[in-house]
J.: 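The following block contains the structure, expressed as structure tokens.
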Amino acid sequence: MSDSLIIADREFRSRLIVGTGKYKSFAETARALETSGAEVVTVAVRRVNLDRSRESLLDYIDSRKYFLLPNTAGCYTAEEAIRTARLGREVGISDWVKLEVIGDQATLSPDVQATLEATRVLVKEGFTVLPYTSDDVVFARRLLDAGAATIMPLGAPIGSGMGIQNRANLQILRELITGVPLIVDAGVGTASDATIAMELGADAVLMNTGIAGAQDPVLMAEAMKHAVVAGRQAYLAGRMPKKLYATASSPLEGVLR
């Protein structure tokens with residue numbers, strides 16, 4: 001695509017962001033990343049071997065090719081998330097962070113208040129913060145005021161694969177959030193879900209289980225790559241208006257009788 005994804009003045013060609021959990025092996029992870037065409041790859045700081053004392057996921061991800069985005073997966077308080085983000089920076093991964101603060105164990109829904117608190121602290125410490133949040137426009141604006149570099153609403157619960165459940169809210173967010181990228185995070189289960197997210201105006205889609213949980217993750221990674229491109233192109237092209245009645249593809253005007 002000719003247009004690029006810009007996050008905090010950094011340019012990326014791909015609008016697909018992928019996670020690295022739940023694969024059968026590190027080798028499969030590497031193959032899926034390669035096939036996806038993604039440039040931004042998220043890594044759970046609390047779930048990887050950071051000191052490389054034994055085989056680590058980081059051994060299979062070329063940091064010269066991929067932009068590593070530490071995430072705070074598994075954190076349930078603002079304090080936990082802040083400590084995890086600091087750890088990711090201290091070990092040299094990045095001073096960017098995909099901020100997750102979970103508020104409910106069953107649904108893995110975000111604790112938006114704790115997310116807001118952690119965003120304020122981390123931004124003041126020089127982090128580029130990409131917060132996972134609800135599709136609530138009020139909290140989206142508060143996160144922007146706190147200095148968030150993106151708004152990342154869930155499409156559906158993490159790992160559910162249910163696809164985009166609230167199209168109206170995403171459309172509202174798209175209309176009202178224009179200063180930073182809007183990235184759909186969580187819930188994508190198949191290629192059509194990614195396409196729908198992009199057609200609704202999302203600037204990018206972040207996914208993990210939708211690829212890693214497929215029967216053939218490498219093939220699904222390729223499908224997701226094409227789906228994001230197709231959705232973006234359709235959004236830029238502008239779909240035809242919906243009509244209640246049919247309109248002939250070949251008009252009758254000018255037809256010889």
J.: Rounded to the nearest 0.5 Å, what separation is found between the CG atom of Leu219 and the CZ atom of Arg31?
T.: 12.5 Å
J.: Angle class for the Phe12/Trp96 ring planes (parallel below 30°, perpendicular above 60°, tilted otherwise)?
T.: perpendicular
J.: For the residue pair Leu206 and Lys98, establish whether any side-chain heavy-atom pair is separated by less than 4.5 Å.
T.: yes
J.: Within the side chain of Ser160, is there an N or O that forms a donor-acceptor pair under 3.5 Å with the backbone of Gly187?
T.: no
J.: Taking side-chain contact (heavy atoms from CB on, under 4.5 Å) as the criterion, tell me which of Val18, Val40, Leu33, Thr20 meets it with Tyr66.
T.: Leu33
J.: Do Lys65 and Val41 have side chains that approach each other closer than 4.5 Å (heavy atoms only, starting at C-beta)?
T.: no
J.: Tell me whether Thr178 contacts the main-chain N or O of Arg174 through its side chain, where contact means a donor paired with an acceptor under 3.5 Å.
T.: no
J.: Please evaluate residues Tyr23 and Asn208 with respect to the criterion side-chain contact (heavy atoms from CB on, under 4.5 Å), reporting the C-alpha separation (whole Å), side-chain torsions for both, the decisive distance (0.1 Å), and the verdict.
T.: CA-CA 9 Å; Tyr23 288 92; Asn208 186 174; 4.0 Å; yes
J.: Would you mind reporting whether Met207 and Leu16 have side-chain heavy atoms less than 4.5 Å apart?
T.: yes
J.: Please name the pair of heavy atoms, one in Thr84 and one in Asn71, separated by the smallest distance, quoted to 0.1 Å.
T.: CG2-O, 4.2 Å
J.: For Ala194 and Val188, work out which heavy atoms get closest and say how close.
T.: N-CG1, 4.0 Å
J.: Assigning hydrophobic clusters by single linkage (Ile, Leu, Val, Met, Phe, Trp, Tyr; side-chain heavy-atom cutoff under 4.5 Å), is Leu182 placed with Val138?
T.: yes
J.: Look at the side chain of Arg89 and the backbone N and O of Gly92, then say whether any donor-acceptor pair between them is shorter than 3.5 Å.
T.: no
J.: Report the C-alpha separation of Arg141 and Leu176 in whole Å, then their side-chain angles, then the decisive distance to 0.1 Å, and conclude whether the side-chain contact (heavy atoms from CB on, under 4.5 Å) test is met.
T.: CA-CA 9 Å; Arg141 284 172 166 163; Leu176 299 180; 3.7 Å; yes
J.: Sub-3.5 Å donor-acceptor pair from the side chain of Asp59 to the main-chain atoms of Glu55, do we have one?
T.: no
J.: Nearest 0.5 Å, what's the OG1-CD distance between Thr72 and Glu100?
T.: 5.5 Å
J.: Could you tell me which non-hydrogen atom of Pro157 sits nearest to which non-hydrogen atom of Met162, and how far apart they are?
T.: CD-CE, 3.5 Å
J.: For Thr190 versus Met224, what's the shortest heavy-atom pair and its separation?
T.: C-CE, 3.4 Å
J.: Is there side-chain contact between Ile102 and Tyr132, with at least one heavy-atom pair below 4.5 Å?
T.: yes
J.: How long is the span from the CZ atom in Phe139 to the CG atom in Asp145, to the nearest 0.5 Å?
T.: 12.0 Å
J.: Check whether Tyr235 forms a cation-pi arrangement with Arg232 (NZ or CZ under 6.0 Å from the six-membered ring centre, at most 45° off the ring normal).
T.: no
J.: Taking all non-hydrogen atoms of both residues, which atom of Arg120 and which atom of Ala146 are closest, and how far apart?
T.: CG-CB, 3.6 Å
J.: Can Val137 and Asn169 be said to form a side-chain contact (heavy atoms from CB on, under 4.5 Å), step by step?
T.: CA-CA 8 Å; Val137 70; Asn169 272 19; over 6 Å; no
J.: When clusters are formed by joining ILVMFWY residues with side-chain heavy atoms under 4.5 Å apart, either directly or through shared neighbours, do Leu200 and Val180 land in the same one?
T.: yes
J.: Measure across Thr150 and Pro131 and return the closest heavy-atom pair with its distance rounded to 0.1 Å.
T.: O-CD, 3.2 Å
J.: Is the closest side-chain heavy-atom distance between Lys225 and Ser14 below 4.5 Å?
T.: no
J.: Do Leu236 and Ile196 belong together in a cluster built from hydrophobic side chains that touch within less than 4.5 Å?
T.: no
J.: Say whether Phe127 and Leu99 are linked into one hydrophobic cluster, either directly or through other cluster members, by side-chain heavy-atom distances under 4.5 angstrom.
T.: yes
J.: Quick one, Leu116 and Leu143 - any side-chain contact, counting heavy atoms below 4.5 Å?
T.: yes
J.: Is the CZ atom of Arg167 crowded by more than 12 outside heavy atoms at less than 6.0 Å?
T.: no
J.: Would you check, one step at a time, whether the test side-chain contact (heavy atoms from CB on, under 4.5 Å) holds for Met198 with Arg15?
T.: CA-CA 9 Å; Met198 297 300 293; Arg15 292 175 179 270; 4.0 Å; yes
J.: With clusters defined by side-chain heavy atoms of hydrophobic residues (ILVMFWY) lying less than 4.5 Å apart, directly or transitively, does Val97 cluster with Ile82?
T.: yes
J.: Starting at CG of Asp203, measure out to CE of Met152 and round the result to the nearest 0.5 Å.
T.: 11.5 Å
J.: With heavy-atom distances below 4.5 Å as the criterion, would you say the side chains of Leu68 and Ser63 are in contact?
T.: yes
J.: So how far is it from Asp111 CG to Thr77 OG1, rounded to the nearest 0.5 Å?
T.: 9.0 Å
J.: With rounding to the nearest 0.5 angstrom, report the CD to CD1 distance, Glu222 to Ile211.
T.: 11.5 Å
